[in-house]
Amino acid sequence: YHRLTWHVAAYGYQAQPFDGHGHAFMGDVVNGQVPISVHIPDQLFNLLTAVQVPTEGLMMEQLLQADPNAALVGPFAAGEPDVVPVVTRGVVVVPNEYARMFLTTGMRPRDAYQALVGAINQRHHEVACGPLLEWVRVAMTRRGVDALPRTVTTPLQAPMYAPPEVHQMYLDYRLSVVHRDLPLLSPAGQQQGAQLIATGLTTLVQEQRLTRQEAAAQRIAKEAKKTAADYYGVLLERLMRWAQVHTEADLPPIHEALANTGKSKIRALLQKTVEDCLFNNGYVNDFPVSTALATKIVELNWHSALPDDFTCGINIFAVGALDDETVEYQRAQNRQADLLLANAGTAPLEDIASVSTAKSDLTLPLSFAQLRYLTQRMHALWSTILGPLHPLTSQYQDLHTQLIRQEKFLETVEPTDRGQRHLVPALVGRWVQLRTNHWLQAQAKSPQALPVTPFATIFDQMALMEPWEPRFPTRYLAMPIHKEAPSVATTSHTTAGSTISTLTSASSTGSAPKRS
């Protein structure tokens, strides 16, 4: 029985015989027909006398297994082992979640118990459904040898009220209950339902068409999408060794993005990704990625067989100038290069080449503030192309932290050659550059992940007064430089014009430039 309702006399209407009584439906709605209504006697809700029933779990299961055909168990006497008295009512409420199990006819209490126990235990509803389980245990236990369970009653009957117009009023009331729960069964609801069906079919057709279009677009995009393997070819193995990954899918996302970016937009993509990394790490640093540096990255020219030549490979001296004038000049060159590459089909090749190599990216840090700015750029660069958690990226991040912590100590460090006191920041950068290049060379040849030398060890060597200064290429010692430390606020570096041209000359010819 379901949809139990209590009929209250309507205000202003004559009292009817079905007022003040409980009613329920028996069966389900079939073809829009109202199911049979039955009267629920009030005494069904009264408490019954206690019944001795087996305990849950092992005892009940043993009894059921002992006689697979038995519909009932018992009777049991008070005091027997594994038997407890249970008091319940004549009826019990079945939660909606389990009501579907009882819609079929002919279910014995034994069948109901076994089905309920499995479903309730699976959902861990033992506590919430405790009254229901107790009622079913009472329903399948005899009170005596010839006595049926306490809960067994005669089937409820459909009432018949007289005169006929009163009975029709009762049927109309029961029909209103059905229409309240299932409004689409009413005449107005059926018309509304037809409209909803038509609208739903139209929406379904549109959604199916959009789904097919989206699937076709995804298929075309997937077919056109390139991978890092397509982009780097035979050099992919070197990249995966540097990134210390075993599959192409584990590479940083920038590499797949590069594979699917047009040649004219590669530098801009790297610029955007590096700037995002600088911002996310809280670095206030302008880092215009030049066309020359972008070319090194995509061609995997990261290490150098000539570590004394700072123009080769990716190193801390080759990530651009620091002074505002040269930074702005480099930005203008980048814009021009992007424009020329976007129109590479019509732009003269000599113009593209001249923009790509118009100015060198080389910078010698003459203060620890400048060294920190270059370290920030290297941290952002390695984080972009190797990943933020890569050991090399972590070393540059730690180096930046140590340069801040050790700032006061570093101002007291004296090199072996006191005449190179102004070169201490550059010597620290040289120490880092050599170890970075050495690791890149070794890792490119090794299928195993190699550790990176901790950059912080240089500060221990300084504190212990151990030799730490690496040999500095003489071609760069001949550069015209200012010995006074530049202002941190303006981030000026050596010189903007003549020094850059001198560096370019020195790196291209291999000879020391003349002093200006």
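One is the number of the first residue; the rest follow in order along the sequence. Just so you know, these numbers use all the heavy atoms, side chains as well, and skip hydrogens, waters and symmetry mates.
Using a 3.5 Å distance cut-off with no hydrogens or angles, the side chains of Gln443 and Gln244 do pair a donor with an acceptor. Side-chain polar atoms of Thr401 and Asp398 form no donor-acceptor pair below 3.5 angstrom. Between Gln433 and Asn437, the side chains place no donor N or O within less than 3.5 Å of an acceptor N or O (distance only, hydrogens not considered). With hydrogens and angles left out, the side-chain atoms of Asp250 and Thr247 include a donor and acceptor closer than 3.5 Å. Side-chain contact, Asp323 with Thr326: a donor N or O sits under 3.5 Å from an acceptor N or O.
Here the side chains of Leu371 and Val428 are in contact, with some heavy-atom distance below 4.5 Å. Between Val319 and Leu374, some side-chain heavy-atom pair lies under the 4.5 Å cut-off. The closest side-chain heavy-atom distance from Leu239 to Trp302 is below 4.5 Å. Proximity of Trp242 to Leu392: side-chain heavy atoms (C-beta onward) are nowhere separated by under 4.5 Å. Residues Lys226 and Tyr231 form no side-chain contact, since every pair of their non-hydrogen atoms from C-beta on lies 4.5 Å or further apart. For the pair Pro451/Pro391, no side-chain contact is recorded, criterion being any heavy-atom separation below 4.5 Å from C-beta on. A heavy-atom distance below 4.5 Å is found between the side chains of Gln397 and Asn281. Residues Phe472 and Asp308 fail the side-chain proximity criterion, which asks for heavy atoms closer than 4.5 Å.
We find the CE-OG1 distance between Met465 and Thr416 to be 12.0 Å, quoted to the nearest 0.5 Å. Between Thr295 atom OG1 and Asn301 atom CG the span is 9.0 Å, to the nearest 0.5 Å. Of the inter-residue distances, the one linking Leu322 atom CG with Tyr373 atom OH reads 8.5 Å to the nearest 0.5 angstrom. Distance check, rounded to the nearest 0.5 Å: OG1 of Thr227 to CD of Glu248 gives 4.0 Å. In this structure, the separation between CZ on Arg372 and CD on Gln370 is 10.5 Å, given to the nearest 0.5 Å. To the nearest 0.5 Å, atoms CG (Leu340) and OG (Ser264) are separated by 11.0 Å.
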- Item | Gln395 vs Val432, side chain to side chain contact (heavy atoms under 4.5 Å, CB included): CA-CA, chis, key distance, verdict | CA-CA 10 Å; Gln395 287 303 320; Val432 172; over 6 Å; no
- Going through the distances and angles, do Arg377 and Asp286 end up as a salt bridge (Lys or Arg N to Asp or Glu O under 4.0 Å)? CA-CA 9 Å; Arg377 292 182 178 182; Asp286 289 329; over 6 Å; no
- Task: Using the side chain to side chain contact (heavy atoms under 4.5 Å, CB included) rule, take Phe368 and Val424 through it: C-alpha gap first, then chi angles, then the decisive distance, then the call.
- Result: CA-CA 9 Å; Phe368 284 104; Val424 170; 3.5 Å; yes
- Task: Would you please test Asp276 and Thr273 for side-chain hydrogen bond (donor to acceptor under 3.5 Å, both in side chains) and show each step?
- Result: CA-CA 5 Å; Asp276 291 344; Thr273 310; 5.7 Å; no
- Ile254 and Leu270: side chain to side chain contact (heavy atoms under 4.5 Å, CB included), yes or no, with the steps? CA-CA 8 Å; Ile254 184 64; Leu270 288 169; 4.1 Å; yes
- Item | side-chain hydrogen bond (donor to acceptor under 3.5 Å, both in side chains) between Asn260 and Glu256, intermediate numbers included | CA-CA 6 Å; Asn260 291 277; Glu256 183 176 344; 4.6 Å; no
- Query: Could you go step by step and tell me if Ile314 and Leu440 meet the side chain to side chain contact (heavy atoms under 4.5 Å, CB included) rule?
  - Reply: CA-CA 10 Å; Ile314 299 176; Leu440 288 171; 5.8 Å; no
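The number of heavy atoms from other shown groups lying within 6.0 Å of CD (Glu237) does not exceed 12. Atom CZ of Phe279 sits in a sparse spot, with 12 or fewer heavy atoms from other residues, nucleotides or ligands closer than 6.0 Å.
Checking side-chain atoms of Glu469 against main-chain N and O of Leu427 turns up no donor-acceptor pair under 3.5 Å. Formation of a donor-acceptor pair under 3.5 Å by the Thr363 side chain with backbone atoms of Phe317 is not found in this model. A donor-acceptor contact shorter than 3.5 Å is absent between the side chain of Gln402 and the backbone of Ala456.
Contact detail for Arg241 and Ser446: the closest heavy-atom pair is CD-O, 3.4 Å. Taking every heavy atom of both residues into account, Thr412 and Arg421 meet most closely at N-NH2, 4.2 Å. When all heavy atoms of Val289 and Arg267 are compared, the closest pair comes out as O-NH1, 2.8 Å. Nearest heavy-atom pair across Ala243 and His390 is O-CD2, 3.6 Å. Considering all non-hydrogen atoms of both residues, Pro131 and Val127 come closest at CD-O, 4.4 Å. Shown here for Gln376 and Leu278, the closest heavy-atom pair between the two residues is O-CD2, 3.8 Å.
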For residues 378-387, tabulate all N or O donor-acceptor pairs below 3.5 Å that involve a side-chain atom, not counting sequence neighbours.
| unit_1 | atom_1 | unit_2 | atom_2 | d |
| --- | --- | --- | --- | --- |
| His379 | ND1 | Tyr283 | OH | 2.8 |
| Thr384 | OG1 | Ala380 | O | 2.8 |

What donor-acceptor contacts under 3.5 angstrom involve side-chain atoms of residues 201-217, with partners at least two apart or in another chain?
| unit_1 | atom_1 | unit_2 | atom_2 | d |
| --- | --- | --- | --- | --- |
| Thr202 | OG1 | Ala198 | O | 3.0 |
| Thr203 | OG1 | Thr199 | O | 2.9 |
| Thr211 | OG1 | Glu207 | O | 2.7 |
| Glu214 | OE2 | Gln218 | NE2 | 3.4 |

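In this structure, Arg435 is positioned above the aromatic face of Trp431, its NZ or CZ under 6.0 Å from the six-membered ring centre and within 45° of the axis.
With sequence neighbours excluded, the residues that form a side-chain contact (heavy atoms from CB on, under 4.5 Å) with Arg335 are Glu328, Arg331, Ala332.
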